[in-house]
Amino acid sequence: MLESKTMKVACPDCGSELIKRPDDFDFDSNFTDVSCADCGREITRDDVVQQGANVAKQQIDALFRDAFKGTGFKLK
């Protein structure tokens with residue numbers, strides 16, 4: 001089973017993990033006024049979802065690599 005991991009959100013433009021958000025921020029109901037603290041780029045909900053999907057894909061790929069290690073099966 002995969003272990004739970006905390007994902008840090010990074011700015012898609014500059015890569016900074018310093019994100020500004022309002023005090024009443026809520027991912028599900030109030031995803032507004034979120035931006036990069038370094039470059040000022042607006043961070044959208046889609047940016048966060050895409051980064052989460054990338055992290056999940058990396059974890060699944062690692063799981064498959066471990067499961068098929070030594071069998072000759074190669075993951076592309």
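Between the side chains of N54 and Q50, at least one donor N or O sits under 3.5 Å from an acceptor N or O.
Taking R45 as the reference, D28 meet the salt bridge (Lys or Arg N to Asp or Glu O under 4.0 Å) condition, with sequence neighbours excluded. Take D38 and apply the side chain to side chain contact (heavy atoms under 4.5 Å, CB included) test, not counting sequence neighbours, and it matches C14, S16, L18, C36.
Taking both residues in full, the closest heavy atoms of K20 and A37 are given as CG-CB, 3.8 Å, listed atom of the first, atom of the second, then distance.
Aromatic ring orientation, F27 versus F31: perpendicular (interplanar angle above 60°, classes split at 30° and 60°).
Remark: side-chain polar atoms of D66 are not paired, donor with acceptor, to backbone N or O of L63 under 3.5 angstrom.
Residue C11 is tested with E17, R41, E42 for a side-chain contact (heavy atoms from CB on, under 4.5 Å); the sole match is R41. Tested against V48, the residues I19, I43, V34 include a single side-chain contact (heavy atoms from CB on, under 4.5 Å) partner, I43.
Here the CG-CG distance, from D23 to D33, works out to 11.5 Å after rounding to the nearest 0.5 Å.
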